[in-house]
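What follows is a short report on a single structure.
We count ligands from 1, going down the list as the structure has it; atoms in each ligand are counted the same way. The figures here come from the full heavy-atom set of this structure, side chains too, leaving out hydrogens, waters and symmetry mates. Heads up: numbering here begins at 1 and tracks the sequence.
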Amino acid sequence: MAETRLHTCMLCEAVCGVAVTVDSGARVLSIRGDDRDPFSRGHICPKAAALGDVSSDPDRIRGPMRRVGDRWEAISWDAALEEAGTRLAAVQKQYGRSALGVYIGNPNAHSYSAALASVFFGKLLGTRSKFSATSVDQLPQMLAALEMLGHQLLFPIPDVDRTDHLLMLGANPLASNGSLMTAPGIKKRLEALRARGGRLVVIDPRRTETAQMADAHHFIRPGGDAFLLLGMLHTIFEESLDRPSRQVHPATGWDELRRIARAFPPERVAGRTGMAAEGIRALARAFAEADRAVCYGRVGVCTQEFGALASWLVNALNVVTGNLDRAGGSMFTSPAVDLVGLATKLGQRGHFGVWKSRVRGLPEFGGELPAAVLAEEMETPGKGQIRALVTVAGNPVLSTPNGGRLDGALAKLDYMVSVDIYRNETTRHAHLILPTSFGLERDHYDLALYALAVRNAARYVEPALPAPPGVRSDWDVLFDLGLAVRRHGGGKPGRALTLAARGIGALGPKRMLDALLRIGPYRLSLNALRESPHGTDLGPLEPRLGHFLGESPVKLAPPLFVGDIPRLESALASRGAAAELVLIGRRHLRSNNSWMHNSLRLVKGKDGCTLYMHPDDAEARGLANGDRVIVGSPRARLETTVEVTDAIAPGVVSLPHGWGHDRLGTALRIARAHAGVSINDLTDEAKVDTLSGTASFSGVPITVERAAERAPAVSPARIRAWE
Ligand SMILES: Nc1nc2c(c(=O)[nH]1)N[C@H]1C(S)=C(S)[C@@H](COP(=O)(O)OP(=O)(O)OC[C@H]3O[C@@H](n4cnc5c(=O)[nH]c(N)nc54)[C@H](O)[C@@H]3O)O[C@H]1N2
Ligand SMILES: Nc1nc2c(c(=O)[nH]1)N[C@H]1C(S)=C(S)[C@@H](COP(=O)(O)OP(=O)(O)OC[C@H]3O[C@@H](n4cnc5c(=O)[nH]c(N)nc54)[C@H](O)[C@@H]3O)O[C@H]1N2
Ligand code: SF4
Ligand SMILES: [Mo]
C-alpha cells in the first residue's frame, strides 16, 4: 500500500517541504511539494524528484569499499575503521598532525547531524590543514560579517518579502533558488515585489533568468562590483543621499568610508565596470531614494578578484542608506536554533589571518585554509606537507580552482579516506570510501538554512525512506572515524576531548538538536516541532542587531578592507592589455554542483554543459551555434560546444561548474554518458582574492578557437593522474 511521508528537500538552500509517496517496498512513487508547509507553500523544483533517484541509484556506494590498486572490494565497517584509524594516525605520528588534511564539502551543511558532528571530527583529528567549500563560495561574506558586525556567521539577509527595491549583484536565484537567503519559491516572492510596485535591479555579466524578470538589468565586467559599489557610494555621499539618521543601530567609520568613496567617482570606475557613469549615478539615486531598499550580492560577487571588498561594500551600501536591520532592508534571522547567538554568548566570533598557509602564505579563516592552496600543500615537500586526506561530502577535483592539479596530487597521497555516497572524480583516489545514509533516509531539521531564512520558520521531519543496510549515519561515521584516529594515537592523547566526543557521539544528534531547540529563542523542542509536521511559521524578521552587538557600533570602514583599497587602485591604474575573452560560471535549475548528474531525469535532453558566447564574439571567430570549440587557459584545453546567445555580455563566455565526468576510475554511469567538461580544469589556483584567499573564478582569461576535426582536448593533468 502506498503511503505519503513528509520530508524537507536538502539539495539547495530553499528548504522546500516535500510529500514523498512510497510503496510497500519503500520505493519512491512520487515527490511533490507540501502545500501545507507555511514557508515553502508547495514550491519545489525539478531536482526534488531526483532525491529518490540518488537513494535508489545502482551506482551509489552501499557499504565501505577499499581500493587495492585500481580494483575496489567490499570491506566490513570494523575493518575499514581499523584500517583508517591505523593509517591516518601513522601519518600524523610520523609527520605531525597537520600532515593529515580534511576537506569538508557543501552537502555537509545540509545535514544537521553532519554539521554538528564535523565540529567534533575536526577537533578529534587535531590538524590545522582544514579546508572546505567555504573558500570557493561565501567566505568574503563571512569576512565582511566578522569585520563589520563582529561574528563570521552573522549574515545580513535581504528582506525580499517587504522591500521596495532589491539590487542584486552576482546571484541568479531563479536557477539557484536563492543562497544566503533561504527563500523557497523565490520567483513568486520576486513577482510579489514587483506587483506591489517595487523594483528588482540585476547586475550580472549575463542576462540571467532572474535578470529577465527584473525591471532593469545591467551587464557588468566580471570582477567589477567593488568599483561599481564605490562609484555608487561616491554618488550617494556627493549628493548627500546618505541617511545616517535613519540607520537605527549606530555605525562608525562614516567619514572614513566617505573619504574612500571620494576617490572613485563614477567616471573613474565606468571603464572597469563596463557601465556608463550616468548609469551608475542613476542606480545610486534610485537605491538611496527608495523607501525600503536592500542590496544583495552572492556567489558572483564573492568568487572574484575583489570578493572581500565587494562583500564589504554591499553591506556598507545598506548601512549608508539606513537599510541595515530595518524591515524591507537587510535583516537578521531569528532561528529556532540560534547558533550565532549561542556562540556570541560564549565569546566565539571567528577569526581571520591568525596563521598563514605554509607554501603561499594565504590566511586562515575560522580555522580553515583556502581550498586554492590544497594541491600545493600536498605537493610541496617539507615540514607540514599534507600526506593524507579525508574528504567529507566534497568533490574538490571538480569544485576547486585548477582541479586538474589537485587530481594529480590526490593520486600521490600516502592515504586517503572519503566519506561519500559516490565514487566520483575525487573519491576514486581514496583508499577507503565510507558511505553514509542520504537525504530522505535521514531525519532533518535545517540547522544552517533556517538561520538564513527570509522569514523565521522551523520544520522537523523523520526519515521518509530506510537507509541501505550497509551504510551508516554521517554522525556515526564522523565520530567513529575521528575516535579511531585518536585511538591509534595521532599526536597527544587529548583524553578530555576523546571522552567528551565519546559521550556526545553516543548521545546522538537528536538529543543534541532537542537541547539546542530548548535553549533557542522560541524555547521549542523536537516534540513541539513534531506537533506541526508541515512546519511552523515563526513570523517575519525583526530588527535584532542589538541582540548581537549590544551597544557596539557597526563598523563601516574596518581597517582590513581599507587596507586593501590600494589593490583596487592599482588595478584601475594598470591598463594592461585586456583579455580577449573572460570566463564566468553559471548554475542551472536541473543541476546541483557536481553530484546530481547521475540522475537521468535531470541530465536527459539538452546538453547542460555548453559555452555561452555573444554573437559578436562568435562572428569574430567564425563560429556558429553548435560548433565544437577548444577553450584554452594556461591550465588546460578542453573541447566543448558553443551556444551563441546575446544573453551574455560581449567579451564574456560562460561554462557551468560541476561537469567533467569522463575521468577514469569513477563509477557514475549516467554522468559519464553526459560528461561535459570541468570549468575548474581551466580556472587558476593562483588567482585568488588575495585579501581573503577565496578562489577567483569570475573573469578567467581564456581563448576560444574552432576544434580541429579530431582535437586532443584532454587536460594534461587528467592523464598524469592515471599514468
Ligand atoms: N540549481 C542549482 N541550485 C543551486 C546550486 C546548483 O549548483 N544548482 N548550487 C547551490 C550553491 S552551492 C550555491 S553557493 C548557490 C549560489 O547561488 P547564486 O549566487 O544565485 O549562484 P549563481 O546562479 O551561480 O549566480 C551567480 C551569478 O553571478 C554572475 N556573475 C559571475 N561573475 C560575476 C561578477 O563578477 N559580478 C557580478 N555582478 N556577477 C557575476 C553569474 O553570471 C551568475 O548569474 O546556489 C545553490 N543552488
Ligand atoms: N568554477 C566554479 N567552481 C565552483 C563554483 C562556481 O560557481 N564556479 N561554486 C562553488 C560552490 S558555491 C560550492 S558550494 C562548491 C561545492 O564544492 P564541493 O562541496 O566540493 O562539491 P559538491 O559538488 O557539492 O560535491 C558534494 C559531494 O558530496 C557527496 N554527497 C552528496 N550528498 C551526500 C551526503 O548526504 N553524505 C555524504 N557523505 N556525501 C554526500 C557527493 O557525492 C559529492 O562527492 O563548488 C564551488 N566550485
Ligand atoms: S528549490 Fe532547492 S530545496 Fe526546493 S525542491 Fe528544488 S532543490 Fe529542493
Ligand atoms: Mo555553494
Side-chain angles (χ1 to χ4, degrees), residues 8-18 31 33 40 43-51 54 57 59-61 103-111 113-114 131-139 170 173 175-180 182-187 298-300 302-303 371 391-401 403 418-427 433-439 441-442 446 449 471-474 477-478 583-587 589-598 654-658 668 678-683 694-698 700:
T8 307
C9 179
M10 73 309 297
L11 291 174
C12 84
E13 301 181 34
V15 298
C16 299
V18 291
I31 297 181
S40 66
H43 177 266
I44 50 167
C45 82
K47 289 187 295 302
L51 285 169
V54 175
D57 190 339
D59 287 341
R60 180 173 164 195
I61 308 286
Y103 176 92
I104 307 263
N106 168 287
N108 219 62
H110 296 256
S111 159
S113 45
F131 301 83
S132 81
T134 290
S135 52
V136 287
D137 189 349
Q138 80 286 359
L139 195 160
S176 69
N177 285 301
S179 182
L180 297 185
T182 301
I186 184 66
K187 185 169 183 215
R298 206 42 281 276
V299 144
C302 288
T303 51
T391 67
V392 182
N395 192 2
V397 167
L398 295 193
S399 59
T400 65
S418 289
V419 180
D420 209 288
I421 57 174
Y422 283 120
R423 170 146 52 91
N424 61 22
E425 298 73 18
T426 296
T427 62
I433 302 182
L434 303 177
T436 64
S437 48
F438 167 76
E441 303 152 8
R442 294 190 289 253
D446 222 305
L449 300 173
V471 307
R472 291 190 176 175
S473 72
D474 41 32
V477 175
L478 292 176
L583 180 64
I584 62 167
R586 68 174 185 268
R587 283 177 163 75
L589 197 57
R590 305 183 73 84
S591 172
N592 195 39
N593 293 336
S594 74
W595 62 276
M596 293 290 288
H597 299 147
N598 217 42
S654 158
L655 267 179
H657 75 284
L668 297 160
S678 175
I679 187 174
N680 285 324
D681 284 346
L682 297 165
T683 56
T694 310
S696 172
F697 293 128
S698 288
V700 176

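- Thr427 and Asp420 share no donor-acceptor pair across their side chains, judged by distance under 3.5 Å alone.
- Nearest heavy-atom pair across Gly394 and Tyr103 is CA-CE2, 3.7 Å.
- Numbered from 1 in the order shown, with element, the atoms of ligand 2 that lie under 4.0 Å from a heavy atom of Ile679 read 1 (N).
- With sequence neighbours excluded, the residues forming a salt bridge (charged side-chain N to carboxylate O under 4.0 Å, His left out) with Arg60 are Glu441, listed by chain and number.
- Checked options Val700, Thr683, Ile679; the residue passing with Pro401 is Thr683 (criterion: side chain to side chain contact (heavy atoms under 4.5 Å, CB included)).
- When the heavy atoms of Ser135, Pro656, Ala371, Ala393 are ranked by distance to atom 28 (O) of ligand 2, first place goes to Ala393.
- Scanning for salt bridge (charged side-chain N to carboxylate O under 4.0 Å, His left out) contacts around Asp474 gives Arg442, with sequence neighbours left out.
- Looking only at heavy atoms of the protein, atom 6 (C) of ligand 2 is closest to His657 ND1, 3.4 Å.
- Regarding atom 10 (C) of ligand 2, its nearest protein heavy-atom neighbour is Val136 O, 3.3 Å.
- Closest of all the heavy-atom pairs between Gly585 and Ser654 is O-OG, 3.3 Å.
- Residue Phe697 has no N or O atom closer than 3.5 Å to an N or O atom of ligand 2.
- Within the listing of ligand 2, atoms 42 (O) sit less than 4.0 angstrom from a heavy atom of Tyr422.
- Arg586 is linked by a salt bridge (charged side-chain N to carboxylate O under 4.0 Å, His left out) to nothing, counting only residues two or more places apart in sequence or in another chain.
- Below the 2.8 Å limit, atom 4 (Fe) of ligand 3 has as protein N, O or S neighbours Cys16 SG.
- Near Asp137, meaning under 4.0 Å from one of its heavy atoms, ligand 2 places the atoms 12 (S), 14 (S).
- For the ligand labelled ligand 2, residue Arg587 lies inside the 4.0 Å heavy-atom shell.
- The two residues Ala48 and Val18 have their closest heavy-atom pair at CB-CG1, 4.4 Å.
- Residue-ligand proximity, Asn106 to ligand 2, at heavy-atom distances under 4.0 Å covers atoms 14 (S), 19 (O), 24 (O).
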Inset, instruction - Could you please spell out the steps behind the side-chain contact (heavy atoms from CB on, under 4.5 Å) verdict for Leu11 and His110? - result: CA-CA 7 Å; Leu11 291 174; His110 296 256; over 6 Å; no

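- Glu13 contributes atom CD, which lies 9.0 Å from atom CG of Asp446 (distance to the nearest 0.5 angstrom).
- Listed by number with element, the atoms of ligand 2 under 4.0 angstrom from any heavy atom of Asn424 are 42 (O), 43 (C), 44 (O).
- For atom 17 (O) of ligand 2, the nearest non-hydrogen atom from the set Ser111, Gly300, Ser399 comes from Ser399.
- There is a side-chain donor-acceptor pair under 3.5 Å between Ser591 and His597.
- In terms of protein heavy-atom proximity, atom 3 (N) of ligand 2 is nearest to Asn680 ND2, 3.0 Å.
- Listed by number with element, the atoms of ligand 2 under 4.0 angstrom from any heavy atom of Gly105 are 19 (O).
- Residue contact check for ligand 2: Ser594 places a non-hydrogen atom closer than 4.0 Å to it.
- Taking each heavy atom of Ser594 and Leu398 in turn, the nearest pair found is CB-CD1, 3.9 Å.
- Residue, atom and distance of the protein heavy atom nearest to atom 21 (O) of ligand 2 are Asn395 N, 3.5 Å.
- Of all the atoms in ligand 2, the ones that sit under 4.0 Å from a non-hydrogen atom of Tyr103 are 17 (O), 18 (P), 20 (O).
- Ligand 2 has at least one atom lying under 4.0 Å from a heavy atom of Pro396.
- Near Phe438, with a cut-off below 4.0 Å to any heavy atom, the atoms of ligand 2 are 32 (N), 35 (O).
- Considering every non-hydrogen atom in both Glu425 and Leu668, the closest pair reads OE2-CD1, 4.0 Å.
- Geometrically, ligand 2 and Thr427 share no nitrogen or oxygen pair separated by less than 3.5 Å.
- Residue contacts with ligand 2: Asp420 is included, with a non-hydrogen atom under 4.0 Å away.
- Note on ligand 2: Arg442 sits in its first shell, one or more heavy atoms being nearer than 4.0 Å.
- For the residue pair Asp681 and Gly403, the shortest heavy atom distance occurs at OD1-C, 4.1 Å.
- For the residue pair Tyr422 / Asp57, a side-chain donor-acceptor distance below 3.5 Å is found, with atom types taken as modelled.
- Side-chain atoms of Ser135 come within 3.5 Å of backbone N or O of Ala371 as a donor-acceptor pair.
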